[in-house]
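Atom set for the values below is all heavy atoms of this structure, side chains included, hydrogens, waters and symmetry mates excluded.
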Amino acid sequence: MKILANDGISKSGKLALEDKGFTVDTTHVAQEQLANYLNKNNIEVLLVRSATKVRQDLIDATQLKIIGRGGVGLDNIDVDYAKSKGIEVINTPASSSISVAEFVFAHLFGIVRNLHQANRTMPLEGDSNFNGLKKAYGKAYELRGKTIGIIGFGRIGVEVARIAIGMGMKVVIYDKKEKNKAVKLQFFDGQSHTFNLETSSMDQLLSTADFISIHVPSQKGYVIGRKEIEKMKEGVVIINTARGGVLDERALVDAIETGKVLGAALDVFENEPLPEMGLLMNESLSLSPHIAGSTIEAQDRIGAELAEQIIQIYNLSHA
C-alpha cells in the first residue's frame, strides 16, 4: 500500500510504516495537482496537516482508502462525505496538546512583559533609544495570582489549566459538554495532586478572567464577538490558538483601540493564509503563523500515532 504524506511525517512514523511494508512518499504536491499525482502513483492513503484540503472533488477523483490528519481538527477534510464512500478518516487529537498549551503561555508571557513589542523595536532603536524603550516597556505584569479563562475544556484546555495551576493562577473554565473535570498535576519527584474544576457560565468567565484562551473546534459563527468582548474586564488579554473564525478580528482590533483589550495573541486567522494587513501591523498583537502544535516532540507523536492507526486498519481489513 502506498502512502503520500503531503504535509510531511516524522521520521519515526515513516520508519514504522516502512517496517510494515508500506511505501511512504513525502513529496509535497500542490493542491491543484494532487488528484493527478494520487492516481498516477496509485496512492491509497493520504496524510495531511492543515495545509492540504481534502474536499469532495478530490475524494471523487481518486481511489483513497484512508485519509489521515496529523492534528486535532478535521475542518480541512469533508469527513462525512469520505466516510459515505467507505474511506477511513483518522486524526491524532492528543498528540499536540502539550505543545499548544505551552505555546499559549509563550505568547502570554510575551504580551504581559511587552516582549512582542520589544523584539520589534530593539533592532531598530536599541542603540539610539535604549532608555526610552526601557521606560516604554517597563510597565509589565505578573501572571501569578491572575485569572485565566479557558473556553473549551478538551485535551488542550486541560493542558492549559495544568500549566496555569502550576504557576499559581486561578482557572475559570467554560465548556458546553463538560460539567466538571479532574485535572491531575504530576511533579518531577513522583508526587501528584488532583484538582477538581467545575465549569462556569460563559458570562461568568468573560467578566472575571484577566486572560482568555480559546480552545474550540471550527464554528459556524464567532465564539467571541463584540457582545462577548463588551462583557470582559478592562485590560483583558485574548489568545486564539484554536481556529480562525472563532474570534471576530474586527471587533478585537476595535476593542484594542478603545483600551478595552490590552492585547491579544493570534496563531490562527479568519483569512488564513493571508491575514489582514491591519492585524499584521498592530503592535498590540502577538502573532505567529499557525505553529502552536509544531514541535519536534508533537510531530514524533503525530507520526507514530498515524502509523499505528494505519497499520491497525490495514491488519483488520486483511484479517
Atom [atom1] of [X] and atom [atom2] of [Y]: how far apart are they, to the nearest 0.5 Å?
X: Leu47; Y: Asp25; atom1: CG; atom2: CG; value: 10.5 Å
X: Lys85; Y: Ile59; atom1: NZ; atom2: CD1; value: 9.0 Å
X: Thr194; Y: Lys181; atom1: OG1; atom2: NZ; value: 13.0 Å
X: Leu247; Y: Glu228; atom1: CG; atom2: CD; value: 10.0 Å
X: Lys176; Y: Lys179; atom1: NZ; atom2: NZ; value: 11.5 Å
X: Asn76; Y: Ser50; atom1: CG; atom2: OG; value: 6.5 Å

Check whether any side-chain heavy atom of [X] lies under 4.5 Å from a side-chain heavy atom of [Y], and answer yes or no.
X: Met232; Y: Ile224; value: yes
X: Tyr81; Y: Asp60; value: yes
X: Val45; Y: Leu17; value: no
X: Ile229; Y: Asp248; value: no
X: Lys83; Y: Val89; value: yes
X: Glu142; Y: Val112; value: no
X: Val223; Y: Met202; value: yes
X: Leu252; Y: Leu266; value: yes

Hydrophobic cluster membership, [X] vs [Y], 4.5 Å side-chain cutoff:
X: Ile291; Y: Phe269; value: no
X: Phe187; Y: Val158; value: yes
X: Phe153; Y: Ile214; value: no
X: Phe109; Y: Val100; value: yes
X: Tyr37; Y: Ile3; value: no

Of all the heavy-atom pairs spanning [X] and [Y], show the shortest one and how long it is.
X: Ala118; Y: Tyr137; value: CA-CE1, 3.6 Å
X: Arg49; Y: Asp7; value: N-OD2, 2.7 Å
X: Ile111; Y: Ser286; value: CG1-CB, 3.8 Å
X: Gly13; Y: Ala307; value: O-CB, 3.7 Å

Can you check whether [Y]'s main-chain N or O pairs, donor with acceptor, with [X]'s side chain at less than 3.5 Å?
X: Asp267; Y: His290; result: yes
X: Gln219; Y: Pro217; result: yes
X: Asn6; Y: Val29; result: yes
X: Asn91; Y: Val72; result: yes
X: Asn39; Y: Asn42; result: no
X: Asn41; Y: Ile43; result: no
X: Gln117; Y: Asn114; result: no
X: Thr199; Y: Tyr174; result: no

>> With side chain to side chain donor-acceptor pair (under 3.5 Å) as the test, pick out the partner of Ser95 among Arg301, Gln299, Glu305.
In response: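 With Ser95 as partner, side chain to side chain donor-acceptor pair (under 3.5 Å) holds for just one option, Glu305.
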Whether [Y] and [X] form a salt bridge (side-chain N of Lys/Arg under 4.0 Å from carboxylate O of Asp/Glu) is what I want to check.
X: Glu234; Y: Lys260; answer: yes
X: Arg226; Y: Asp254; answer: yes
X: Glu230; Y: Lys227; answer: no

Is it true that atom [atom1] of [X] has more than 12 heavy atoms of other residues, nucleotides or ligands lying nearer than 6.0 Å?
X: Ile296; atom1: CD1; value: no
X: Glu308; atom1: CD; value: no
X: Gln63; atom1: CD; value: no
X: Lys20; atom1: NZ; value: no

> Got a sec, which residues hit side chain to side chain donor-acceptor pair (under 3.5 Å) with Asp175, two or more places apart in sequence or on another chain?
Replying inline: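 Side chain to side chain donor-acceptor pair (under 3.5 Å) list for Asp175, sorted by chain: empty.
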>> Run the side chain to side chain donor-acceptor pair (under 3.5 Å) test against Lys146 and tell me which residues pass, sequence neighbours left out.
In response: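 Checked Lys146 against side chain to side chain donor-acceptor pair (under 3.5 Å); zero matches.
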> Taking it one step at a time, do Ile90 and Ile66 satisfy side-chain contact (heavy atoms from CB on, under 4.5 Å)?
Replying inline: CA-CA 8 Å; Ile90 59 176; Ile66 301 173; 4.1 Å; yes
>> Under the side chain to side chain contact (heavy atoms under 4.5 Å, CB included) test against Leu58, which residue among Leu46, Asp78, Ile67, Ile77 passes?
In response: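 Single pass found, and it is Leu46.
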>> Please tell me whether Tyr314 and Glu44 have a donor and an acceptor in their side chains that are separated by less than 3.5 angstrom.
In response: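 No, Glu44 and Tyr314 have no side-chain donor paired with an acceptor closer than 3.5 Å.
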> Going by atom types alone, do Glu159 and Ser97 pair a side-chain donor with an acceptor below 3.5 Å?
Replying inline: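 Not at all, the side chains of Glu159 and Ser97 share no donor-acceptor pair under 3.5 Å.
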>> Asp203 vs Ser201, test: side-chain hydrogen bond (donor to acceptor under 3.5 Å, both in side chains). Steps then yes/no.
In response: CA-CA 5 Å; Asp203 284 352; Ser201 67; 5.7 Å; no
